Amino acid sequence: MALWTRVACRFRRWVPAVLIPLATAACIGTSAQYPQSTLHPQSDFTRLLDGVLMHTVWAAFVVFVLVEGALLWIIIRYRGKPDDPEPRQVHGNTVLEIIWTAIPALLLAIISVPTVKVIFQTYDLPKDAVNIEVIGHQWWWEFRYPDYGVRTANELHVPVGKMVLLKMKTADVLHSFWSPEFAGKRDLFPQRTNTLWFTADTTGYFPGQCAEFCGTQHGRMAFEIKSTSPEEFEAYINGLKATGVKPAADTATPPPAPASGELTRVSTLAAAASQVDPAEQAAVDSGARIFRMCSSCHSLDATATGNFIGPNLANIGSRRYLAARTILNTEANLASWIYDPQAIKHGVIMQRLGLTHEQATMVAKYLRTHR
Ligand code: CUA
């Protein structure tokens, strides 16, 4: 054998030994880049799941060390030499067979007891929780808050430290709600309601994703959970409720005069209002007129109870993403989405409406005033 071939053969044996730890280190090092991780539980529910996972990992680790240790010891201790006689051939050993049947059975028990316990715990529904209805649609998420009479889409706000109970079903095909940090996975069926509960313990934005293949845009059926302080949550809900308040009629009593301390603030606001660019305002007004054609599918009122085909847009201006977390919510992106949704997410119900770029931008400007 040529020297080079021998070196290559020898080196090849070490490739997995070098590459596996390197790949593992790379995965650990880059985990912060991938926020959708089941390894960073942020709620009571996912900590239960994480407990089962770590329990299993430790059991597997002990088995690994014992088996590999025994294997290495036997390989080294009983290594064959060229002049060794052929070893004694044995067949069947009742004691050994009983032992290696009993050990896996014991291991399964060690893993299954806490697993089954947690399964029952996760199906134990809380009595006092914020109720949220989750409805899967091809390919977006509807979130309803029956306790408050409001609904929204694709961005779910929850109060930190307060348990929420999700009641989930689908409007069309099977979907699966997956929030890695808060709640694990649960499938959505047409004829039954599935549940999930969790108490968020950190504030922030946490991405989630449909985890059941549901059609061509399954990969673009994401959502975001925003966990906030209870006060912020209350303000958010009140903001949604306010979208249902119709402007007062002209005959209504004028608002009371502001207290003296508020005068400065009011005059600043009035000054800011008077600085609205007239051209911008005209575009918003035109957008409002054009949007009338959209209003049979989309409502701008979070308290509307009708069965609209499209997502509720009451607070569209304040959401971070559009089209179920497909694109960032910027004016340009919203205009492109309105201009030709099929170009961004082929197969969605919304078709190209025949608007010009300019008209789509006007609608985008109008929608972005809804916050
Ligand atoms: Cu919905 Cu996949």
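Here, residue 1 is the first one in the sequence, and each next residue gets the next number. Side-chain atoms are counted along with the backbone in the values below, which use heavy atoms only and exclude waters and symmetry mates. Because the structure is predicted, anything quoted here is derived from the model rather than measured.
Grouping the Ile, Leu, Val, Met, Phe, Trp and Tyr side chains by contacts below 4.5 angstrom, directly or via other members, places I338 with I344. In terms of hydrophobic clustering, with Ile, Leu, Val, Met, Phe, Trp and Tyr side chains grouped at heavy-atom distances under 4.5 Å, M168 and V173 are assigned to different clusters. Under the 4.5 Å side-chain heavy-atom criterion for Ile, Leu, Val, Met, Phe, Trp and Tyr, L165 and Y148 are members of the same hydrophobic cluster. One hydrophobic cluster, built from ILVMFWY side chains closer than 4.5 Å, cannot hold both W140 and F223; they sit in different ones. No continuous path of hydrophobic side-chain contacts links I132 to V160 [ILVMFWY only; heavy atoms under 4.5 Å].
A donor-acceptor distance shorter than 3.5 angstrom exists from the side chain of W141 to the backbone of M221, with no hydrogens or angles considered. Checked by atom type and distance alone, the side chain of Q138 pairs as donor or acceptor with a backbone atom of C214 at under 3.5 Å. S318 places no side-chain N or O within donor-acceptor distance of the main-chain N or O of R371, the cut-off being under 3.5 Å. Under the 3.5 Å distance criterion, the side-chain polar atoms of K185 are left unmatched by any main-chain donor or acceptor of A211.
By the 30° and 60° cut-offs, the orientation of the rings of H157 relative to Y236 is parallel. Between F233 and Y145, the ring planes lie tilted relative to each other; the angle falls in the 30° to 60° range.
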For a side-chain contact (heavy atoms from CB on, under 4.5 Å) check, start with the C-alpha distance between F206 and S179, then their side-chain angles and the critical distance, and finish with the verdict. CA-CA 8 Å; F206 297 91; S179 166; 5.5 Å; no

Would you please test I290 and L353 for side-chain contact (heavy atoms from CB on, under 4.5 Å) and show each step? CA-CA 11 Å; I290 300 166; L353 301 163; over 6 Å; no

Residue pair K169, L188: steps toward the side-chain contact (heavy atoms from CB on, under 4.5 Å) verdict: CA-CA 5 Å; K169 57 186 187 211; L188 277 60; 5.8 Å; no

Before you tell me yes or no, could you show the steps for F45 and W197 under side-chain contact (heavy atoms from CB on, under 4.5 Å), namely the whole-Å CA-CA distance, both residues' side-chain angles and the distance that decides it to 0.1 Å? CA-CA 7 Å; F45 192 100; W197 53 262; 3.9 Å; yes

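Within 6.0 Å of atom NZ in K241, more than 12 heavy atoms from other residues, nucleotides or ligands are found, so the atom counts as buried in its surroundings. The neighbour count for D84 CG, taken as heavy atoms of other residues, nucleotides or ligands under 6.0 Å away, is above 12.
Taking SG of C210 as the start and NE2 of H175 as the end, the distance is 6.0 Å to the nearest 0.5 Å. From L108, atom CG reaches atom CD1 of I103 across 12.5 Å, with rounding to the nearest 0.5 Å. With values rounded to the nearest 0.5 angstrom, M362 atom CE is found 10.5 Å from D285 atom CG. One finds the CD atom of Q342 at 8.5 Å from the CE atom of M350 (value rounded to the nearest 0.5 Å). Summarising the geometry, atom CD1 belonging to I119 is positioned 13.5 Å from atom CG belonging to D124; distances are rounded to the nearest 0.5 Å. Once rounded to the nearest 0.5 Å, the distance linking OG1 of T369 with CD1 of I316 reads 11.0 Å.
The hydrophobic cluster containing L174 also includes F189, under a criterion of side-chain heavy atoms closer than 4.5 Å among ILVMFWY residues, counted directly or through chains of members. Residue V116 is found in a hydrophobic cluster whose other members, listed by chain and number, are F120; membership requires side-chain heavy atoms under 4.5 Å apart, directly or through intermediates. The other residues sharing a hydrophobic cluster with L66 are V62, where clustering joins ILVMFWY side chains under 4.5 Å apart.
Closest approach of P126 and M163 over heavy atoms only: CB-SD, 3.1 Å. Among all heavy-atom pairs drawn from A360 and A335, the shortest one is CB-O, 3.5 Å. Contact record, I99 with P104: O-CD, 4.5 Å, taken as the closest heavy-atom pair. Contact between E142 and R144 at its shortest, heavy atoms only, is OE2-NE, 2.8 Å. A pairwise comparison of heavy atoms in A200 and F182 identifies CB-CE2, 3.6 Å as the closest pair. The shortest non-hydrogen separation linking P180 to G208 is CD-CA, 4.4 Å.
Residues satisfying the side-chain hydrogen bond (donor to acceptor under 3.5 Å, both in side chains) test with K365, not counting sequence neighbours, are E280, E331. In this structure D147 satisfies the side-chain contact (heavy atoms from CB on, under 4.5 Å) test together with V130, N131, sequence neighbours excluded. Among residues two or more places apart in sequence or in another chain, the side-chain hydrogen bond (donor to acceptor under 3.5 Å, both in side chains) test is passed with T243 by none. In terms of the side-chain contact (heavy atoms from CB on, under 4.5 Å) criterion, residue partners of R47 (sequence neighbours excluded) are, by chain and number, P41, D44, D201.
Two residues are said to be in side-chain contact when any heavy atoms from C-beta on lie closer than 4.5 Å; V348 and W337 meet this criterion. Looking only at side-chain heavy atoms (C-beta outward), V118 and L49 come within less than 4.5 Å of each other. You'll find the side chain of H370 stays beyond 4.5 Å of the side chain of L313, heavy atoms only. Looking at heavy atoms from C-beta onward, N329 lies out of side-chain contact with N333 at the 4.5 angstrom threshold. Residues V284 and V276 fail the side-chain proximity criterion, which asks for heavy atoms closer than 4.5 Å. The shortest side-chain heavy-atom distance between L367 and L300 falls under the 4.5 Å cut-off. Contact annotation: the side chain of V164 approaches that of F198 to within less than 4.5 Å [non-hydrogen atoms, C-beta and beyond]. When side chains are defined from C-beta on, L196 counts as touching F177, because their heavy atoms get closer than 4.5 Å.
Legend: side-chain hydrogen bond (donor to acceptor under 3.5 Å, both in side chains) pairs involving residues 93-117, not counting sequence neighbours: none detected. For residues 224-240, the salt bridge (charged side-chain N to carboxylate O under 4.0 Å, His left out) pairs, not counting sequence neighbours, are E224-R320, E224-R325. Evaluation of the side-chain hydrogen bond (donor to acceptor under 3.5 Å, both in side chains) test over residues 49-77, restricted to residues two or more places apart or in two chains, returns none. Among pairs with a residue in residues 208-217, those fulfilling side-chain hydrogen bond (donor to acceptor under 3.5 Å, both in side chains) read Q217-R220, at least two apart in sequence or across chains. The ring pair (Phe, Tyr, Trp, His ring centres under 6.0 Å) analysis of residues 287-320, with sequence neighbours excluded, yields the pairs F291-Y366.
Side-chain N/O atoms of S299 and R151 include no donor and acceptor closer than 3.5 Å. Checking N312 against T152 by side-chain atom types alone, no donor-acceptor pair falls below 3.5 Å.
The six-membered or imidazole ring of Y339 lies near that of H357, with a centre-to-centre distance under 6.0 Å.
Just one of T199, T203, T202 meets the side-chain hydrogen bond (donor to acceptor under 3.5 Å, both in side chains) condition when paired with Q42; it is T202.
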